[in-house]
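A quick write-up on the structure given underneath.
Throughout, residue positions are numbered sequentially from 1 according to the sequence presented.
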Amino acid sequence: MIHRFVDIVRGVVLGARETMSVVGVLLGTLFFAASLTPTLLPRTAFMQGALSGVSFAAGYGIGVFCAWLWSYLGIRTLEGRPARYVLRAAALVCLAVVAVFLWRAAGWQNSIRLLMELEPLDTAQPLRIGMIAFATAAVTILLGKLFRLALLAVAGRLKPVVPRRVANVAGAVAALVLFWAATEGLVLRYGLRAVDASFRELDRTFESGVEKPPEAWRTGSAASLVRWSDLGRAGRGFVDTAPSRADIAALAGGAAIDPLRVYVGLNSAATIEERAALALAELRRVGAFERSALVVVTPTGTGWIDPAAMDTLEILHRGDVASVALQYSYLTSWLSLLVEPGYGKEAARALFRKVYDHWRQMPRDARPALYLYGLSLGALNSDLSFDMFDIVGDPFQGILWSGPPFQSRTWRAATAEREPGSPAWLPRFRDGSVIRFTSQKDALDIPGAAWGPIRIVYLQYASDPVTFFDFSALFRRPPWMVGPRGPDVSPMLQWYPVVTLLQLALDMAAATTAPIGYGHLYAPEHHVDPWVAVTRPPGWDAPALERLKRELAERRD
């Protein structure tokens with residue numbers, strides 16, 4: 001069996017020169033060139049080479065299909081000397097296109113890097129890009145040829161007993177099943193199992209310098225209902241890194257108190273309901289419902305909570321804040337969404353219901369203001385944690401969602417129904433009484449708009465591919481590319497069918513490689529205006545808020 005596979009691969013490689021489609025090569029070359037143009041994030045030479053290789057292979061595959069369809073329809077093609085002249089001219093054009101686009105690649109990348117305050121590139125390393133692209137394209141095309149061989153092998157065995165077209169369709173289905181089984185077995189099952197085990201061990205790891213808190217009011221202490229060892233890596237970090245009252249007083253001015261942070265890890269109880277009940281009990285134990293503000297936080301896939309958001313909120317309220325979070329996974333967000341897509345929603349719903357039911361039973365004049373917060377996958381699951389019809393009779397006060405993934409239901413609806421003339425990357429939704437959007441620069445003060453009883457704010461960067469990935473980029477220009485661009489999006493960005501989708505997919509995979517304040521990394525100073533709009537902290541005027549923003553920016557630098 002192995003020898004047979006080796007023979008097939010050798011046949012594919014040795015026969016590549018004879019079987020390579022001229023139309024496929026021409027279209028693949030154009031796709032390769034288009035892939036060098038900018039999208040949302042800067043790329044390394046390795047990332048660019050891999051993207052360009054996949055783009056060439058995609059163009060090659062489409063070209064092969066078009067050539068086959070042309071032949072299948074019986075349309076005549078050029079032959080003899082005219083065909084040779086056309087092919088030579090096309091080859092020269094392709095070489096010229098590749099040379100020009102590789103030469104301009106550094107300028108295109110610099111058009112993003114300068115906007116994100118990164119050092120410009122002297123060269124895009126065209127030789128390295130070309131070598132990586134060649135290797136990537138070769139492997140991808142080889143897989144495509146192996147798929148075709150599997151199709152033909154099955155179809156060839158069926159043609160003596162069934163009609164030719166039926167045999168071809170059956171061959172295609174069989175090849176798809178075979179390749180899916182191989183992918184599911186080798187990559188999804190064994191690969192994800194290994195990744196799952198790796199993240200599980202990482203979650204159990206105790207970080208150096210992170211010690212069990214001695215204060216009884218802190219989660220994980222000797223007096224806590226939640227054991228320190230059960231918090232997980234992200235939970236221990238969340239509890240340990242809370243700013244002290246001295247730190248808060250230094251930034252906010254005046255007296256401050258220590259904020260309360262409650263976290264329940266995956267190992268704290270057997271079921272989601274039990275963990276949610278434990279979180280409520282811990283909130284009551286530490287006196288969280290006696291604070292002026294209480295925040296139900298939905299973490300990212302690993303259980304991580306962005307300190308840029310929580311620290312900023314606690315500073316604005318001078319520590320008079322309690323927050324609670326429930327871990328639902330230890331995988332990164334995209335893996336958590338792939339492996340356990342409904343688990344985050346269930347955890348977010350359970351925690352919100354426990355906290356909200358207790359909160360609504362309290363006297364209105366004696367309970368804290370209740371808020372929701374989530375970043376990335378946390379924003380998506382936080383959005384799914386409640387039903388508006390269940391809370392409209394006694395609504396909580398507001399929500400801040402940062403970097404919402406493109407699948408987020410409320411975000412999609414509000415963006416699709418935005419007011420005419422407002423860009424998709426910074427939409428205005430109806431009269432602005434419920435939902436508002438902002439970015440690096442505050443856009444929440446809408447003339448003539450008045451907030452309603454619930455305030456929902458989206459903090460999103462125009463350069464965030466997690467928010468602005470769009471499957472329809474395969475065949476049409478995404479809405480955020482129409483009209484004026486965001487301040488952190490290259491003016492040289494252009495839409496190309498198929499290629500732009502591949503570019504955005506790579507951007508999304510590398511979303512957290514951008515400098516903070518761009519892409520999917522949200523800066524603390526950019527949380528100030530959203531939290532002020534949502535929670536209305538007392539004792540701040542415009543000059544004080546501007547001073548806080550400057551100090552937060554300086555501290556992260």
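Side-chain N or O atoms of Tyr263 include none that pairs as donor or acceptor with a backbone N or O of Phe238 at under 3.5 Å. Side chain of Trp228 to main chain of Pro213: no donor-acceptor pair is present (N/O by atom type, distance under 3.5 Å, no hydrogens or angles). In terms of modelled atom types and a separation under 3.5 Å, the side chain of Arg418 and the main chain of Thr415 share a donor-acceptor contact. Remark: the backbone N or O of Thr37 is paired with a side-chain donor or acceptor of Gln503 at under 3.5 angstrom. Proximity of a side-chain donor or acceptor of Trp531 to a complementary backbone N or O of Ala309 within less than 3.5 Å is detected. Using modelled atom types, one side-chain atom of Ser329 and one backbone atom of Gly301 make a donor-acceptor pair closer than 3.5 Å. Gln109 places no side-chain N or O within donor-acceptor distance of the main-chain N or O of Pro42, the cut-off being under 3.5 Å. Panel note: side chain Arg245, backbone Gly319; no donor-acceptor pair is recorded below 3.5 Å. For Ser422 (side chain) and Arg428 (main-chain N/O), a donor-acceptor pair under 3.5 Å exists by modelled atom type. No donor-acceptor pair under 3.5 Å is formed between the side chain of Asn110 and the backbone N or O of Arg113.
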Original post:
Could you go step by step and tell me if Thr535 and Gln397 meet the side chain to side chain donor-acceptor pair (under 3.5 Å) rule?
Top reply: CA-CA 8 Å; Thr535 67; Gln397 278 63 52; over 6 Å; no
Subject >> Step-by-step side chain to side chain contact (heavy atoms under 4.5 Å, CB included) determination, Leu294 to Leu283 >> reply: CA-CA 10 Å; Leu294 174 60; Leu283 283 171; 4.2 Å; yes
**OP:** In sequence, state the C-alpha distance, the side-chain angles, and the governing distance for Ser382 and Trp401, and then conclude on side chain to side chain donor-acceptor pair (under 3.5 Å).
**Re:** CA-CA 8 Å; Ser382 178; Trp401 286 322; 3.0 Å; yes
Original post:
Where do Ser402 and Asp306 land on the side chain to side chain contact (heavy atoms under 4.5 Å, CB included) test, with the steps shown first?
Top reply: CA-CA 10 Å; Ser402 303; Asp306 191 359; over 6 Å; no
Original post:
So Glu546 and Lys549, salt bridge (Lys or Arg N to Asp or Glu O under 4.0 Å) or not? Walk me through it.
Top reply: CA-CA 5 Å; Glu546 289 303 316; Lys549 292 178 191 177; 3.1 Å; yes
**OP:** Show your reasoning for whether side chain to side chain contact (heavy atoms under 4.5 Å, CB included) applies to Arg360 and Arg367.
**Re:** CA-CA 8 Å; Arg360 69 179 302 193; Arg367 68 189 185 187; 4.2 Å; yes
**OP:** Carefully, step by step, assess Asn381 and Thr298 under the rule side chain to side chain donor-acceptor pair (under 3.5 Å).
**Re:** CA-CA 7 Å; Asn381 286 319; Thr298 306; over 6 Å; no
**OP:** List the steps, then state whether side chain to side chain contact (heavy atoms under 4.5 Å, CB included) holds for Thr438 with Asp529.
**Re:** CA-CA 9 Å; Thr438 191; Asp529 292 316; 5.7 Å; no
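Looking at Glu273 and Lys354, their side chains come closer than 4.5 Å, going by heavy atoms from C-beta outward. Between Pro404 and Gln460, some side-chain heavy-atom pair lies under the 4.5 Å cut-off. Looking at Leu504 and Thr500, their side chains come closer than 4.5 Å, going by heavy atoms from C-beta outward. Residues Val498 and Leu474 form a side-chain contact, since some pair of their non-hydrogen atoms from C-beta on lies under 4.5 Å apart. Using a 4.5 Å cut-off on side-chain heavy atoms (C-beta onward), Ser323 and Ile305 make no contact. With a 4.5 Å cut-off on side-chain heavy atoms, Tyr328 and Arg275 do not count as touching. In this structure the side chain of Asp357 never reaches within 4.5 angstrom of the side chain of Leu280, judged on heavy atoms. Contact check for Pro487 versus Trp425: side-chain heavy atoms found under the 4.5 Å cut-off.
Donor-acceptor pairing under 3.5 Å is recorded for the side chains of Asp464 and Tyr522. Side chains of Asp383 and Ser408: a donor-acceptor N/O pair is absent below 3.5 angstrom, by distance only. Using modelled atom types, one finds no donor on one side chain facing an acceptor on the other under 3.5 Å when comparing Ser224 with Thr219.
Cation-pi geometry between Arg436 and Trp451 is met: the NZ or CZ atom falls under 6.0 Å from the ring centre, inside 45° of the normal. With a 6.0 Å cutoff to the six-membered ring centre and a 45° limit on the axis angle, Arg318 counts as a cation-pi contact of Trp540.
Counting all heavy atoms, side chain and backbone alike, Gln48 lies closest to Ser35 at NE2-O, 3.0 Å. Taking each heavy atom of Ser376 and Pro405 in turn, the nearest pair found is O-CD, 3.0 Å. Of all the heavy atoms in Leu41 and Asp507, the pair that sits closest is CD1-O, 3.5 Å. Taking both residues in full, the closest heavy atoms of Ala105 and Ala124 are given as CB-CB, 3.7 Å, listed atom of the first, atom of the second, then distance. Between Leu36 and Ser52, the shortest heavy-atom distance links the atoms CD2-OG, 3.8 Å. Closest heavy-atom contact between Arg261 and Met310: NH2-CB, 3.7 Å.
Taking the six-membered ring where the residue is Trp, Phe469 and Phe406 present tilted rings, their angle falling between 30° and 60°.
In this structure, Arg555 does not pair ionically with Asp247, as no charged nitrogen and carboxylate oxygen lie closer than 4.0 Å. Look at Arg412 and Asp470 and you find no salt bridge, because none of the NZ, NE, NH1 or NH2 atoms lies under 4.0 Å from a carboxylate O.
The environment of Asp394 atom CG is dense: over 12 non-hydrogen atoms of other residues, nucleotides or ligands sit within 6.0 angstrom. Under a cut-off of 6.0 angstrom, the local environment of CZ in Phe475 is crowded, with over 12 non-hydrogen atoms contributed by other residues, nucleotides or ligands.
In this structure, OH on Tyr371 lies 11.5 Å from CG on Leu400, to the nearest 0.5 angstrom. Taken from OG in Ser111 to CZ in Arg104, the straight-line distance is 9.5 Å, to the nearest 0.5 Å. We find the CG-CG distance between Asp230 and Leu278 to be 9.0 Å, quoted to the nearest 0.5 Å. Here Phe429 contributes atom CZ and Trp411 contributes atom CH2; the two are 13.5 Å apart, rounded to the nearest 0.5 Å. Atom-to-atom distance recorded for Met388:CE and Thr410:OG1 is 7.0 Å, nearest 0.5 angstrom. Note that OG1 of Thr467 is 10.5 Å distant from CE of Met508, once rounded to the nearest 0.5 Å.
The side chain to side chain contact (heavy atoms under 4.5 Å, CB included) test with Tyr518 singles out one residue from Leu118, Asp488, Ile112, and that residue is Asp488.
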